[in-house]
Structure formats: structure tokens, C-alpha cells
Amino acid sequence: MSGRPRTLAVVAALLRKEARVELRTFESIPAMTLFSVSTYVLFHFGLQEDTLEGNLASGVLWVTLLFAAVLGINRLFVADDEQGGFDAFLLSPADRSALLFGKAAALLAYLVVVEIVTVPAFALLLLGVGIGQTMPGLLAVLVLADIGVAVIGTLVGALAVRTRARDLLGPLLSLPLLVPIVIAAAKASTPLLASPVAALPARWLVTLALYDLVFAVIAYALFDYLLED
Amino acid sequence: MYGRRLRGLALTTAALLTLTLVLVFFWAPNDATLGFLQKIFYVHVPLAIVTLCGFIAGGLMAIQHLRTRDARWDVRSYVAIHISLVFGIGVLVTGSIWAKGAWGHWWVWDEPTLVSFLLIMLLYATYQPLRFAIEDPERQSRYASVFAITAGAFVPMNFIAVRLSTAYLHPRVLGSTSNLPGPMALTFLVSLLALALLFATLCKYELTAKHTRAQLRALRRRLDGETAPAPARTRSAAPSLQPVARMSARAGGGPA
């Protein structure tokens with residue numbers, strides 16, 4: 001026997017499993033999408049604006065995406081906790097960090113799928129400016145922010161899922177940790193959603209990337225301790 | 001023993017706090033622009049520094065807990081974060097008063113330090129609920145340590161992020177001690193030392209109380225006979241020391 005399976009293979013297997021679970025239950029992605037669109041409608045009435053641009057558009061987009069992400073974070077480990085996924089994973093000889101990578105990749109994929117639907121929906125429903133020409137910049141911001149949300153969400157989801165008040169603790173723990181992502185993402189996308197369009201401020205992309213990196217290291221260092229027992 | 005140097009520490013703290021008050025009110029000059037109001041600076045800023053150091057210390061102790069699996073490190077980390085939370089409320093209140101006096105508003109969003117501090121408090125406010133929601137004591141302490149380390153790392157990063165986001169509308173005259181005149185700087189440093197000592201004293205008090213309670217429980221159990229069933233652990237956010245192991249470790253050394 002060649003010992004431990006390769007981490008990459010385990011991550012791929014976990015991702016396949018997540019995809020299969022999601023395709024069979026449709027538990028996360030449809031809920032997150034529907035929630036986002038409903039929130040846009042709420043913002044339309046709450047702000048009493050038909051079209052948004054600049055900082056207001058950026059704020060509505062990011063707050064909505066973040067709350068939708070929190071929904072996904074809350075569901076991320078529930079099936080594993082309730083149906084023995086944790087035990088099965090711990091029984092296998094796989095490296096425990098693989099669960100972090102697999103789950104973070106799954107959450108990232110959820111977010112990307114949700115955004116493929118909801119960002120155009122946002123542009124259609126609320127945005128007062130065209131986003132065709134600023135799409136590459138916006139995509140960069142979305143990807144970097146999604147990576148950060150996925151990493152933090154996986155750590156927080158694992159921390160909250162085996163507590164009695166997990167539905168409460170998940171959002172309470174994740175929102176303060178996600179505030180720097182909102183700061184950077186909102187600042188970065190404000191000029192992209194303004195008219196006239198301004199250049200993408202590079203320093204916010206760097207800030208996002210650094211925040212992602214630091215939390216990836218923290219999550220990698222600490223995740224094992226959440227899986228012992 | 002936890003309580004041995006407690007009295008000396010408490011007396012030193014009380015003396016130094018008194019000295020701080022004397023210096024603040026009778027020796028340090030009034031600020032040229034803010035006048036008497038500026039004196040809240042001697043409470044607010046040292047309190048904030050001590051609080052943030054307390055949070056970071058809680059994270060470092062949590063690292064130690066995860067490395068050594070020694071429950072005492074978890075208790076220390078808990079106590080440091082607990083006292084820091086209490087101090088942190090003081091920071092928010094004094095900061096708010098200062099903002100009202102200096103800028104006319106109870107809350108100003110363009111003061112990055114204040115905003116960062118609020119975010120940190122919001123995060124740490126979930127520390128006790130998190131502990132309370134986990135029943136198994138071992139898992140509670142392990143998860144709490146993971147939280148304490150994550151949050152401890154969040155403290156400096158959050159400061160950087162918020163600071164980047166804010167345009168400096170207010171000149172940061174009180175941001176550092178380097179441009180303070182001599183008497184003000186000295187008063188500030190004495191105050192910082194006094195509040196750091198107060199933090200240490202309160203931590204030591206809480207640790208001593210926990211230790212004494214654990215000892216009392218162990219003695220009571222011994223009085224009932226070793227076979228008496230362990231008392232059911234009441235649900236609690238606070239970690240408690242394990243009395244049984246400590247008593248048996250001491251049993252060889254003579255009467256307790």
C-alpha cells in the first residue's frame with residue numbers, strides 16, 4: 001500500500017461528493033439565488049430608488065452577496081454533522097486539511113454559480129449604468145472576494161456547526177470577519193459601477209488578496225483542531 | 001498558588017491608579033485646543049491599548065493551549081478575553097464621550113481607530129455565546145481556542161483594513177506620544193502602566209477565584225469520600241479547572 005491518498009485526489013473526491021449532494025437536494029444554491037433576488041427587491045423598496053449607481057450600487061451588491069453567502073455558510077457542514085460525514089471522513093486515512101480545501105472549493109463554486117445568476121439580475125433590476133465594459137474588473141473583485149468568503153466561511157462554518165446555536169452563531173461569527181472584505185470589495189467596485197466609469201483602484205485588489213492569503217493560512221493552521229473527536 | 005502575590009499587586013495597582021488621577025487632574029496641562037476635555041485621553045487611549053493587547057494575549061495563550069493541551073492555558077485565555085471585553089466597553093464609552101466633546105457627534109465613522117474597535121468588539125462579543133453553545137468541556141475549550149487565535153489575528157488586520165478605507169479628515173494629533181509635550185507624555189505613560197496593572201490584577205483575581213473554587217470542590221468531594229459521584233457540570237461559558245487531577249498530583253507532597 002502506498003499510504004495516504006494524495007490530498008488533491010481527496011479534494012477532488014470531496015468536490016464530486018458536494019456536487020452530487022447539491023444536485024440531489026438543491027439545498028444551497030437555489031436558496032442563495034432566490035434570497036439575493038428578493039433582497040434586491042427589498043432594497044428597491046427600502047431605498048425607494050429605481051436605479052442605483054456608484055457607492056450605493058456597490059453597497060447593495062456586496063451586502064446582498066454577503067448575506068447570501070452567509071446562508072450557504074450556515075448549510076455548508078450541516079449534512080456532514082447530521083448524517084455522519086465527519087465520522088466517515090475522519091475514518092478515512094485522508095489528510096484533514098483536504099476537508100478544508102474541499103469545502104472551501106465547494107463554497108467557492110456555490111458563490112460563483114449564484115453570482116452568475118444574481119449579478120446580471122442586479123444589473124437588470126437595479127443598476128443604472130451598463131457593466132459591459134467594466135466586467136473584467138468586476139470579475140477580478142468578485143473572484144478575490146469569493147475566495148475570502150469561501151475560506152472564512154469554511155472555518156466559521158466548521159466552528160459553528162457542532163454547537164447548539166449553529167444557525168445563530170454562524171452569521172454572528174462570520175459577519176465581523178467578513179467586514180474587511182466588504183470594505184475592500186465595495187471600495188474597489190464603486191468606480192466600476194459609477195457613471196462615468198473610473199479606473200479600478202488596484203490597492204483594494206491587493207488588500208483583498210492579502211486578506212484572503214492571511215485567512216487561508218489561519219484556516220489551514222487551525223482547521224485540524226476542529227475535527228478531533 | 002494563584003493568590004500569593006495578589007494583595008501586593010492589588011495595592012500597587014490602587015496606588016498607581018491614584019497617582020494617575022493626581023497627575024491627570026493636577027499636573028498635566030490643559031490641552032490648547034480641547035481644554036479640559038482632552039484629559040479623557042489619559043483613560044481612553046491606554047484602556048484601548050490594554051484591551052487590544054489583552055485580546056492578542058488571549059490568542060497567544062490559546063495557541064499555547066492547542067499546543068500543550070493544558071487546560072490552564074484555556075482558562076488564562078478565557079480570563080484575558082473576558083477582562084478585555086469589560087475594558088473594551090469602557091473604551092467605546094469613553095471614545096464616544098470624547099467624540100461628542102471634540103467633534104459634536106457621539107459616533108464618527110471617519111475615525112478609523114474607533115470603527116476598528118467596534119468591529120473587534122462585535123467579533124469578540126460572540127466568544128462567550130460560542131463557548132456557551134458547546135456542552136462538552138474539552139471541545140468547548142478547543143473550539144474557543146480556535147476562535148481566540150482567529151480573532152487575535154483579526155485584530156491587527158482589521159485595523160489595517162479600516163485605516164486604509166478612511167480618508168483622514170481629522171489631523172491625528174493624539175495618535176502617538178511622540179508629539180506630546182513632556183508632562184502629557186509622562187502622565188500618559190503612568191496611566192498606561194496603571195491600567196495595564198489593573199488588567200493584570202483583575203485577571204489574577206479571576207484566576208484565583210477559579211482556582212479556589214476548583215480546590216473547594218475537590219475538598220468537598222474528598223469529604224464525601226472519593227467514591228462520591230462527580231457533581232453534574234452545570235452549563236457554563238466559563239471553563240473551570242479540573243480539581244481531581246490537581247489534588248492527586250499534590251497528594252504526594254504532604255497535607256494540602
Side-chain angles (χ1 to χ4, degrees), chain A residues 55 86 100 148 151-152 154-188 190 201 203-229, chain B residues 55 59 62-69 74 88 109 112 115-167 235-237:
Chain A
N55 60 347
F86 278 128
L100 169 71
V151 169
I152 293 173
T154 309
L155 183 65
V156 168
L159 195 61
V161 74
R162 291 206 274 177
T163 64
R164 257 183 296 101
R166 62 181 167 208
D167 300 327
L168 214 61
L169 279 173
L172 283 182
L173 285 169
S174 47
L175 287 181
L177 289 175
L178 293 174
V179 168
I181 291 184
V182 172
I183 294 174
K187 289 269 183 187
T190 294
R203 72 165 174 157
W204 291 112
L205 286 186
V206 177
T207 312
L208 266 179
L210 280 179
Y211 197 73
D212 293 357
L213 188 70
V214 172
F215 260 95
V217 171
I218 292 173
Y220 179 67
L222 294 178
F223 195 74
D224 283 11
Y225 293 104
L226 298 175
L227 291 181
E228 292 172 13
D229 34 15
Chain B
F55 282 142
I63 293 179
Q64 203 62 22
H65 170 241
L66 287 184
R67 276 178 45 177
T68 63
R69 299 308 165 102
D74 175 49
W109 283 108
V115 176
S116 322
F117 205 89
L118 178 69
L119 286 178
I120 288 167
M121 286 298 287
L122 284 177
L123 179 62
Y124 273 98
T126 56
Y127 178 69
Q128 311 252 6
L130 174 70
R131 291 199 80 117
F132 195 63
I134 304 172
E135 253 152 289
D136 175 38
E138 194 272 332
R139 187 138 60 87
Q140 184 193 82
S141 59
R142 194 151 37 81
Y143 277 39
S145 287
V146 169
F147 173 89
I149 297 167
T150 311
F154 176 74
V155 168
M157 286 201 299
N158 166 60
F159 261 83
I160 295 167
V162 174
R163 196 158 277 238
L164 275 175
S165 78
T166 318
R235 232 175 81 189
S236 165

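Chain A is the first sequence line, chain B the second, and so forth, proteins listed ahead of strands; every chain is numbered from 1. In what follows, every heavy atom counts, from backbone to side chain, and hydrogens, waters and symmetry copies are set aside.
With respect to chain B, the highest number of heavy-atom pairs below 4.5 Å among Leu168(A), Leu177(A), Thr207(A) belongs to Leu177(A). Chosen from Ala133(B), Ala153(B), Ser145(B), the residue pairing most often with chain A at heavy-atom distances under 4.5 Å is Ala133(B). Of the listed residues (Leu130(B), Ile149(B), Leu122(B)), the greatest number of heavy-atom pairs within a distance under 4.5 Å of chain A belongs to Leu130(B).
With a 4.5 Å cut-off on non-hydrogen atoms, Leu226(A) touches chain B through its backbone and its side chain both. For Leu173(A), the parts lying under 4.5 angstrom from a heavy atom of chain B are both the backbone and the side chain. There is no contact between Ala219(A) and chain B, counting heavy-atom distances below 4.5 Å. For Arg131(B), no part lies under 4.5 angstrom from a heavy atom of chain A.
Heavy atoms only, all atoms of each residue included: Pro176(A) and Leu119(B) are closest at CB-O, 4.2 Å.
The backbone N or O of Arg139(B) lies less than 3.5 Å from no partner atom in the side chain of Arg162(A), so there is not a single donor-acceptor pair. Remark: side-chain polar atoms of Tyr225(A) are not paired, donor with acceptor, to backbone N or O of Tyr143(B) under 3.5 angstrom. In terms of modelled atom types and a separation under 3.5 Å, the side chain of Arg164(A) and the main chain of Phe132(B) share a donor-acceptor contact.
The shortest distance between side-chain heavy atoms of Leu222(A) and Leu66(B) falls below 4.5 Å.
Interface residues of residues 208-216 of chain A toward chain B, defined by a heavy-atom distance below 4.5 Å and sorted by number: Tyr211(A), Val214(A), Phe215(A).
Rounding to the nearest 0.5 Å gives a distance of 11.0 Å between CZ of Arg142(B) and CG of Leu159(A).
Partners of Arg203(A) according to the side-chain hydrogen bond (donor to acceptor under 3.5 Å, both in side chains) rule, which considers only residues two or more places apart in sequence or in another chain, do not exist here.
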